[in-house]
Amino acid sequence: MRLTANRIAGIIREHGYKLTPQRHAVLKVIAGSHGHLTPEDIFNKVRIESPGIGIVTVYRTLDLLRELNLVCRMHTHDGCRSYLMKRPTEHHHHLVCSGCGKTVDFAECNLHELEHKLSKNTGFAIDGHLLEIYGKCRNCQSPARA
């Protein structure tokens with residue numbers, strides 16, 4: 001199940017934040033995407049509908065969505081970040097190609113024992129985790145790309 005832009009707007013309002021037309025435009029782009037988007041990707045898509053929007057508004061909206069735990073942020077090997085709307089019922093992680101940047105989500109996760117051990121050894125109360133595994137996709141492994 002995916003969150004819609006209108007449901008996200010409601011959550012933002014419930015937490016006491018204003019929903020500006022620019023924020024709503026950003027929400028529509030993120031909620032309508034099925035893949036990870038960089039802030040620049042979001043900015044370029046939002047500008048089509050809202051030409052006056054600034055890149056700072058995109059970053060601030062992404063920060064707000066992260067604060068409200070509505071998006072997940074992924075780091076790539078080259079230091080770029082991309083964002084994906086969280087799915088309320090889906091815990092997932094990422095496989096990231098270090099060649100072309102392709103990202104594949106996967107849900108299989110068996111880290112509960114590790115979380116328990118880390119909590120016991122460090123005293124941390126662990127709230128969750130995000131795993132990113134880097135490697136090369138099939139296309140980037142092919143001899144023609146080497």
Side-chain angles (χ1 to χ4, degrees), residues 1-140:
M1 179 180 101
R2 294 180 60 85
L3 290 172
T4 64
N6 289 335
R7 178 63 191 123
I8 299 162
I11 293 169
I12 288 173
R13 285 189 195 107
E14 287 170 14
H15 283 85
Y17 295 98
K18 291 182 180 178
L19 183 68
T20 64
Q22 295 86 355
R23 275 188 181 163
H24 199 265
V26 171
L27 298 181
K28 285 180 9 185
V29 166
I30 297 171
S33 173
H34 295 285
H36 295 261
L37 297 171
T38 66
E40 291 77 20
D41 294 334
I42 296 166
F43 175 66
N44 289 329
K45 290 178 185 238
V46 170
R47 275 193 335 185
I48 294 167
E49 200 172 305
S50 301
I53 194 166
I55 188 77
V56 172
T57 301
V58 172
Y59 277 102
R60 286 184 180 152
T61 303
L62 289 169
D63 287 344
L64 174 61
L65 294 173
R66 281 200 65 232
E67 180 183 320
L68 297 175
N69 201 29
L70 296 170
V71 293
C72 64
R73 180 174 67 183
M74 188 191 77
H75 300 272
T76 60
H77 70 284
D78 59 1
C80 292
R81 294 180 181 156
S82 65
Y83 296 82
L84 176 70
M85 188 59 60
K86 284 194 173 179
R87 294 164 182 93
T89 58
E90 293 181 28
H91 176 79
H92 76 279
H93 300 290
H94 308 113
L95 293 170
V96 182
C97 178
S98 55
C100 66
K102 176 181 177 180
T103 302
V104 176
D105 295 345
F106 67 96
E108 189 174 325
C109 173
N110 195 8
L111 296 176
H112 301 293
E113 259 185 59
L114 178 60
E115 281 185 347
H116 178 71
K117 182 178 178 182
L118 288 170
S119 181
K120 183 178 173 187
N121 291 343
T122 64
F124 270 72
I126 297 174
D127 297 323
H129 61 267
L130 176 63
L131 179 63
E132 293 175 1
I133 298 175
Y134 299 92
K136 299 231 176 176
C137 69
R138 284 183 206 252
N139 288 340
C140 290

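Every value quoted in this text rests on a predicted model; they were computed, and no experiment measured them.
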message = Can you list everything that forms a side chain to side chain donor-acceptor pair (under 3.5 Å) with Glu14? Sequence neighbours excluded, please.
response = Arg7

Which heavy-atom pair separates [X] from [Y] by the least distance, and what is that distance?
X     : Y     : result
Ser50 : Ala25 : OG-CB, 3.7 Å
Ala5  : Ala31 : N-CB, 3.7 Å
Pro39 : Ile55 : O-CD1, 4.0 Å
Val71 : Leu62 : CG2-O, 4.2 Å

key: Residue pair Phe43 / Ile53, side-chain heavy-atom distance below 4.5 Å   = yes

request  = Quick one: which residue pairs count as a side-chain hydrogen bond (donor to acceptor under 3.5 Å, both in side chains) with a foot in residues 109-119, not counting sequence neighbours?
outcome  = Glu115-His129

Sequence neighbours left out, what passes side chain to side chain contact (heavy atoms under 4.5 Å, CB included) with [X]? Give chain and number order.
X     : result
Asn6  : Thr4, His24
Ile48 : none
Leu64 : Ile12, Tyr17, Arg23, Leu68
Glu40 : Thr38, Tyr59

request  = Determine, step by step, whether Leu111 and Leu114 satisfy the side chain to side chain contact (heavy atoms under 4.5 Å, CB included) criterion, reporting the C-alpha distance in whole Å, the side-chain angles of both residues, the deciding distance to 0.1 Å, and the verdict.
outcome  = CA-CA 5 Å; Leu111 296 176; Leu114 178 60; 4.2 Å; yes

task = Would you mind telling me which of Leu27, Val29, Asp41 makes a side-chain contact (heavy atoms from CB on, under 4.5 Å) with Val46?
result =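 Only one of Leu27, Val29, Asp41 forms a side-chain contact (heavy atoms from CB on, under 4.5 Å) with Val46, namely Val29.
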
key: Sequence-distant partners of Glu67, salt bridge (Lys or Arg N to Asp or Glu O under 4.0 Å), two or more places apart   =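 With neighbours one apart ignored, the set is empty.
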
task = Output all residues satisfying salt bridge (Lys or Arg N to Asp or Glu O under 4.0 Å) with Lys45, sequence neighbours left out; order by chain, then residue number.
result = none

inquiry  = With a 3.5 Å distance limit and no angle check, can you tell me whether Thr61 reaches the backbone of Thr57 through a side-chain donor-acceptor pair?
reply    = yes

